[in-house]
Each structure stands twice: as C-alpha cells, then as structure tokens.
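Working notes, beginning with the structure itself.
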Amino acid sequence: MPVLAIDLGGTKTLAALVDGADIVARREVATDRNTGPAAWVAGMANLAHDWRRRHDGIGLTVTGLVAQGLWRPLNSETLPLPVEGFPLAREAEAALGGPAVIRNDAQAAAWGEYLHGAGQGRDMVFLTVSTGIGAGIVLNGQLVEGRFGLAGHAGQMIALPDGDDAPFEDMASGRWIARKADRSDARAVFAGADDPACAEAIETSAQRVARLCRNLQFLLAPEVIVIGGGIGLAPGYLSRLRAILAPLDPIRRPVIEPAALGGDAGVIGIAALAAAQARAEH
Ligand code: BMX
C-alpha cells in the first residue's frame with residue numbers, strides 16, 4: 001500500500017501517493033502565501049481527501065522548522081509562518097485522518113535522493129535553491145537532523161563575516177533573484193534571461209551558491225552535492241555552478257549533480273521515513 005506524502009514549499013504544495021520510488025498519483029497547487037497555516041493544512045487535506053482508503057501511513061514535509069509538533073519559520077520571507085509556531089502535528093493529523101511523520105523539506109528531499117536518486121549510498125548534501133535555500137545532510141547512511149531538527153539550514157548561514165546577520169539565502173534565493181531583477185517571480189527572471197538585469201541576477205545567485213557549495217565542501221566533504229529546487233534545476237543554472245567551480249583543484253572542488261528525482265525528492269523521502277516509522281511500530 002502506498003504512503004500519502006505531502007510537500008509544502010514556499011511556492012507550491014505537492015500531494016502524492018508514493019510506493020518506494022514510484023509516484024502512483026499526484027496533485028499540485030500553488031501555496032497561497034496570503035492565507036496562513038490553517039488554510040494550508042485545509043488545502044492539503046482537500047488535495048488528498050478522496051485518497052483515504054488508498055494509503056497506509058502519512059508523511060508531511062514542509063519549508064521551515066518543525067520541533068515538538070510546532071511549525072516555525074526560520075525565514076518568514078520564504079513562508080510567513082507565525083513566529084510563536086503553529087501546531088502542525090495536531091492540526092495536520094486531525095485534517096489528514098491519522099498520525100503523520102513530519103520533517104523539514106530539504107531534509108526529506110536529501111533522504112529521497114540518498115535512497116533512490118543522485119546520492120545513492122554516498123555521503124551527500126542535498127541543496128535546494130528555491131523560494132529559500134535549504135539543505136539536508138546524509139552522512140554514514142544517516143539523515144542528520146540535529147538539535148531541534150535544525151541541521152542543514154545552509155541558507156540560514158550568515159553571509160557576511162561581520163556587520164548584520166543577513167542570512168545567505170536573502171542574497172541568492174529565488175525571492176532574491178526576483179527582487180534583484182525587478183520581476184514578479186523567479187520564473188519571470190529565467191523567462192527573460194536575455195535581459196541584462198535578469199542575466200545578472202541569475203549569474204550573481206549562481207556565484208554565491210557556488211561559494212556556499214565550497215563552504216559545505218570544507219565543512220562536510222560530501223562525495224556529492226545534489227542540487228534541487230526550482231532555481232537549482234532551472235535550465236542553465238547547474239551548468240553555471242559547475243563552470244564556476246571547475247578551476248578549483250579536486251580536493252576543494254565540490255562534485256555537483258542534479259537531483260535525479262527532480263521536484264519529487266521531498267515526497268519520496270518523506271514517504272520512506274513514514275514507511276520506516278510504520279514498520280518500526282508494527
Ligand atoms: C528556508 C527555510 C528552510 C527551508 C528552505 C527552503 C523557512 C520557512 N524555510 O531556509 O526551512 O528548507 O527555506 O524552502 O524558514 P523552500 O520553500 O524554498 O523549498
């Protein structure tokens with residue numbers, strides 16, 4: 001029996017029935033940033049309402065931090081969540097009709113790429129360049145969750161050596177690209193890449209993300225950094241990253257590969273975590 005897996009990001013929400021690495025059914029809607037967590041949870045339940053008898057187990061993966069059942073923003077620009085936290089575990093379980101395994105979106109996607117995608121069997125970092133910038137780490141076959149589930153928040157690393165605490169993602173993410181090029185969203189910037197302002201925003205983001213990859217390489221020395229997210233997988237972005245990193249000597253140079261599961265890495269990863277939890281309980 002498949003698992004119901006839902007991935008709620010800053011731009012879209014994907015609900016899927018997942019069996020191993022296979023997506024048996026899928027539905028996707030835009031995440032309406034103006035409504036709030038109660039409406040997002042209702043939206044998820046609505047996407048999945050007629051699948052109730054078709055799954056065994058529920059996995060939910062979201063942008064932001066979920067600790068002790070409470071969902072909080074690290075960067076409200078990525079998704080405007082209440083700073084005091086929203087009781088996601090309680091509300092989602094009530095709306096979806098059963099216990100749910102809940103993790104950060106980039107951590108779940110890392111696990112999906114480790115099990116079934118571009119990072120199979122290797123120490124890896126999954127880096128999503130998306131509305132925000134997130135990451136998940138798998139070392140020695142273990143997903144690193146860390147204290148309060150915070151591990152992997154590479155986009156939250158502080159970008160400047162001194163001065164303010166501006167996080168890295170505020171200078172390179174999809175939202176930054178759109179703002180920098182003065183377009184409605186990052187998709188419009190990629191569509192207008194012939195325009196110099198658009199080309200410059202994309203290039204500067206790639207330069208900065210390449211630096212982030214270099215830092216991650218020094219810190220964790222993964223075998224591979226798997227790149228995902230709507231920006232990371234947009235045409236031309238990953239090849240720019242590789243070109244920027246190419247002159248480095250092999251010891252310092254991160255090995256970059258695209259997410260083999262594309263935008264499905266999160267639902268596949270969270271489905272695996274939910275299935276493992278169900279097995280452990282039986
Ligand atoms: C932010 C943060 C991370 C998330 C990352 C990518 C929030 C709301 N989110 O760094 O938890 O993993 O963005 O999120 O603080 P996405 O929505 O761009 O996929």
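Just follow the structure's listing: the first ligand is 1, and inside any ligand the first atom is 1.
- Side chain to side chain, Thr31 and Trp40 fail the donor-acceptor criterion of an N or O pair below 3.5 Å.
- Atom CZ of residue Arg103 and atom OG1 of residue Thr61 lie 9.0 Å apart, to the nearest 0.5 angstrom.
- Scanning all protein heavy atoms for the shortest distance to atom 17 (O) of ligand 1 gives Gly10 N, 2.9 Å.
- Contacts of Thr131 with ligand 1, taken as heavy-atom pairs under 4.0 Å, involve both backbone and side chain.
- Of all protein heavy atoms, the one lying nearest to atom 1 (C) of ligand 1 is Glu169 OE1, 3.3 Å.
- The side-chain heavy atoms of Ile202 and Val189, taken from C-beta on, include a pair separated by under 4.5 Å.
- Polar contact with ligand 1: absent for Leu65 (N/O pair, distance under 3.5 Å).
- Residue Leu74 has at least one heavy-atom neighbour below 4.0 Å for each of these atoms of ligand 1: 7 (C), 15 (O).
- In terms of protein heavy-atom proximity, atom 3 (C) of ligand 1 is nearest to His153 NE2, 3.3 Å.
- The part of Ile133 lying near ligand 1 is the backbone, judged by heavy-atom distances below 4.0 Å.
- Nearest protein heavy-atom neighbour of atom 12 (O) of ligand 1: Asp105 OD1, 2.6 Å.
- Atoms of ligand 1 found under 4.0 Å from any heavy atom of Gly134 (numbered from 1 in listed order, with element): 5 (C), 6 (C), 12 (O).
- There is a side-chain donor-acceptor pair under 3.5 Å between Thr131 and Thr11.
- Put simply, the side chain of Arg54 does not reach to within 4.5 Å of the side chain of Pro2, judged on heavy atoms.
- Ion pairing between a basic and an acidic side chain is recognised when a charged N comes within 4.0 Å of a carboxylate O; Arg175 and Asp170 show no such pairing.
- Checking Glu145 against Gln107 by side-chain atom types alone, no donor-acceptor pair falls below 3.5 Å.
- Residue, atom and distance of the protein heavy atom nearest to atom 14 (O) of ligand 1 are Thr63 OG1, 2.9 Å.
- For ligand 1, the atoms lying closer than 4.0 Å to a non-hydrogen atom of Gly9 are 17 (O).
- Listed by number with element, the atoms of ligand 1 under 4.0 angstrom from any heavy atom of Ser130 are 16 (P), 18 (O), 19 (O).
- Judged by a 6.0 Å distance limit and a 45° cone about the ring axis, Arg208 is positioned over the six-membered ring of Trp176.
- Annotation: atom 18 (O) of ligand 1 to nearest protein heavy atom, Gly132 N, 2.7 Å.
- The distance criterion of under 3.5 Å between nitrogen or oxygen atoms is not met by Pro73 with respect to ligand 1.
- For Ala42, there are no side-chain contact (heavy atoms from CB on, under 4.5 Å) partners at least two apart in sequence or on another chain.
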